[in-house]
Chemist: 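Take this structure first; my questions come after.
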Amino acid sequence: MIADRILGAALIALGALGAVSAMQLEVPFAADPLGPSPFPAAVAMLLALCGLGMLLRPTDGFAPPERRMAPPLLVLAMLLYALLMLPLGFLLAAALMATTVALLFGARPPAALLVGVTTAITLWLLFDKLLDLPLPKGILPL
Amino acid sequence: MDVFTALGGGFGVALQPGNLLLAFIGCILGTAIGVLPGIGPLNAIALLLPFCLALRLPPESALILLAAVYYGSGYGGRITAILLNMPGEPSAVLTTLDGHPLAKQGRGSAALAISGIGSFVGATLSVIAMTFLSVPLAKLAVAFSPADYVALIAFALSLLGAVSDGPAIKAWAAGCLGLLLAMVGVDSGTGVERFTLGSLELLGGIDFTVLAIGLFAIGEILLLIETRLRTEAAKLGGGAKLSLREVIFCTPAMLRATGIGFVIGVLPGAGASVASALSYTAEKRLNGAQGKFGQGDLRGVAAPETADNAAQIGNLVPMLSLGIPGSGTTAVLLGALLMYNITPGPLLFEQRPDVAWGLIASMYIGNAMLLLLNLPLVGVFARLLTVPAWVLYPGVLALSFAGVYAASNSAFDLLLAIGFGVMGWLFRKMAIPLVPIVLGFVLGRMLEDNLRRAMSLSDGDVWALLGSPICLMLWAMTAAALLWPLLRPRRV
């Protein structure tokens, strides 16, 4: 119930902001009679309306995770990866992330490390060598 | 042009060795991702798309590969459903009802065989229907004006609420969100920046692969990691093999399911899950008294699986002929074609017959390959279920990120994908469907462009939107689809 209410309120805010921002667009010249404002403004208002509906008539609840710490830790691991990939390079960042994810999925530490390193090297070979899609090298001398 | 000549040309494309190989790879990948819970055709295609672009595959080859993954996944979901009592794909939920009891009775291999045959029957008959239906439908749509398109897209979007499992308002909210996400970036008509929050990275708009991989791949892994994992694997069962008599016994059910599945599939908005649920219910109503539905009736396995595959193919018809995708995965396929600068729709069959007919011809070949792959090799695919989660999902996640980066070369897009992943996870937990977001995203620009074109043509007269009989009919259907969830009795 409460989750629906919070999301409903958030959608109302998002819709209102979107509608205001769309209506305040300054159009240098009008290429067509409608212009870029009305459509997004209308959709944003519809979104706010849906949010209002969810706020007034909330439905079933939000099932708490069985493993409460796992999702935030996974998000943290992913964020670290996104931030570290350019400075450290793909290989190290991907190995670090894959190892962490394997641990979160219940692997023993040595197995997780093996999975992480193998995953990173396989993807590196696949993207950088086989498909010629360069990935950031980072600090490793490659 | 004669259908058979055109189809012959298509086989000329599909039978080229490279394209045959791609179809084969797609079929194997498709079955495999169908087997694995948590990886569906939608995120698999989103992941493969950067590869296709990077390898400079021509559009028809890329589409042959991606489509094979798509319809191949319809063969894989049943394996997990029957052996583990959990659907490998959302549309295989109904297959668990009779499939798993059959497996427990030692008839797992028979259930797998009949569902494989059902998948093949449903898919192939639907490809035949598609062969004859696509061009007439496209010809009808050639005459569509921008105003007609506005009404058609509005209808496609309005159906999202009517067919959604949960409250319609949540599907509508998700659809609006998708439409708004599509507006982010520089407006092509006037050069005005919309919803960019001053960010340079958002000027070009949100990349489609980032949205799809974030919502579906990353969101799904977040969902998987929070639940305790099941470990028990199931056996194929050494019971009596499927007999010819049993196949004949199931044939009427499969034919009915093909009809239901294909029609549901062609309708925009309604997907394979609806089709398999409807056909299972239909069989149970028809034969409930003499059958043992729920305790292991072969027809209860054959019907939903047949309908599932028939609907998947049906979903492709409006995508190719009208340029309007009916499901999340066909929206991704449409996104893929748009990245190749090919616009599906009425003109596709005339301008790029190699793409349109090459795809259709490859589906005949691909489904035959899938039948051959799935009957004898079902055990190999089933073994995929013994790969532990901690080996599989770190790889899927790393591949997702590498794919996002390869497609955009920007670390910003990685953060954006994580953001969409968290959003997708929270939405799934709150019963907000994600497919409307993708559909809204793909249809958003199309809807706005057509609306503005219609307004230009009419010089700003709003009534032009109701200016043709087709428009009026489509708007009436839209209104009905919007009112239906408000009027139908509330399900508790």
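Below, chain A is the first sequence line, B the second, and so on; all start at residue 1.
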Chemist: Out of A:Ala94, A:Ser37, A:Ala98, A:Pro134, which one racks up the most heavy-atom pairs below 4.5 Å with chain B?
Modeler: A:Ala98
Chemist: With a 4.5 angstrom heavy-atom cut-off, could you sort out which part of A:Met78 is near chain B: side chain, backbone, both or neither?
Modeler: both
Chemist: Any idea which heavy atoms bring B:Tyr405 and A:Pro136 closest together, and the distance?
Modeler: CE2-CD, 3.3 Å
Chemist: Can you tell which part of B:Val391 gets under 4.5 Å to a heavy atom of chain A, answering side chain, backbone, both or neither?
Modeler: both
Chemist: Please name the pair of heavy atoms, one in B:Ala411 and one in A:Ala82, separated by the smallest distance, quoted to 0.1 Å.
Modeler: CB-O, 4.2 Å
Chemist: Side-chain contact, heavy-atom cut-off 4.5 Å: B:Glu448 with A:Pro40?
Modeler: yes
Chemist: Using every non-hydrogen atom in the two residues, find where A:Leu47 and B:Ala173 come nearest and quote the distance to one decimal.
Modeler: CD1-O, 3.4 Å
Chemist: Considering non-hydrogen atoms only, spot the tightest contact between A:Phe90 and B:Ala402 and give its length.
Modeler: CE1-CB, 4.0 Å
Chemist: Decide yes or no for A:Leu25 and B:Phe195: does some side-chain heavy atom of the first lie under 4.5 Å from some side-chain heavy atom of the second?
Modeler: no
Chemist: What part of B:Ile221 gets within 4.5 angstrom of chain A, counting heavy atoms only: side chain, backbone, both, or neither?
Modeler: both
Chemist: What part of B:Ile432 gets closer than 4.5 Å to chain A, counting heavy atoms only: side chain, backbone, both or neither?
Modeler: side chain
Chemist: Which heavy atom of A:Leu46 sits nearest a heavy atom of B:Cys176, and at what distance?
Modeler: CB-SG, 3.7 Å
Chemist: Are A:Leu7 and B:Phe427 packed together at the side-chain level, in the sense that at least one heavy-atom pair is separated by less than 4.5 angstrom?
Modeler: yes
Chemist: Is A:Leu104 close to chain B through its backbone or its side chain, or both, or neither, when contacts mean heavy atoms under 4.5 Å?
Modeler: both
Chemist: What residue in A:Leu79, A:Leu74, A:Leu135 has the most heavy-atom pairs under 4.5 Å with chain B?
Modeler: A:Leu74
Chemist: With a 4.5 angstrom heavy-atom cut-off, is it the side chain or the backbone of B:Ile169 that approaches chain A, or both, or neither?
Modeler: both
Chemist: Is chain B contacted by the side chain of A:Leu14, its backbone, both, or neither, given a heavy-atom distance below 4.5 Å?
Modeler: side chain
Chemist: Report, one line per pair, each donor and acceptor closer than 3.5 Å where one atom sits in a side chain of residues 111-120 of chain A; sequence neighbours left out.
Modeler:
from	atom 1	to	atom 2	distance (Å)
A:Thr118	OG1	A:Leu114	O	2.4
A:Thr119	OG1	A:Val115	O	2.6

Chemist: Heavy-atom pairs under 4.5 Å with chain B - which of A:Ala77, A:Gly15, A:Cys50, A:Ala70 has more of them than the others?
Modeler: A:Cys50
Chemist: Side chain of B:Arg452, backbone of A:Asp32: donor and acceptor closer than 3.5 Å?
Modeler: no
Chemist: Quick check: do B:Leu447 and A:Phe39 have side-chain heavy atoms less than 4.5 Å from each other?
Modeler: yes
Chemist: For the residue pair A:Pro71 and B:Glu226, what are the closest heavy atoms and their distance?
Modeler: CG-CB, 3.6 Å
Chemist: Using a cut-off of under 4.5 Å for heavy-atom pairs, which of A:Leu86, A:Asp4, A:Leu83 has the most such pairs with chain B?
Modeler: A:Asp4
Chemist: Name the region of B:Leu55, side chain, backbone, both or neither, that has any atom closer than 4.5 Å to a heavy atom of chain A.
Modeler: side chain
Chemist: Checking heavy atoms, do the side chain of A:Met85, its backbone, both or neither come under 4.5 Å from chain B?
Modeler: side chain
Chemist: With no hydrogens and no angle check, is any side-chain donor or acceptor of B:Arg194 less than 3.5 Å from a backbone partner on A:Ala22?
Modeler: no
Chemist: Non-hydrogen atoms of chain A under 4.5 Å away: do they reach the side chain of B:Met455, the backbone, both or neither?
Modeler: both
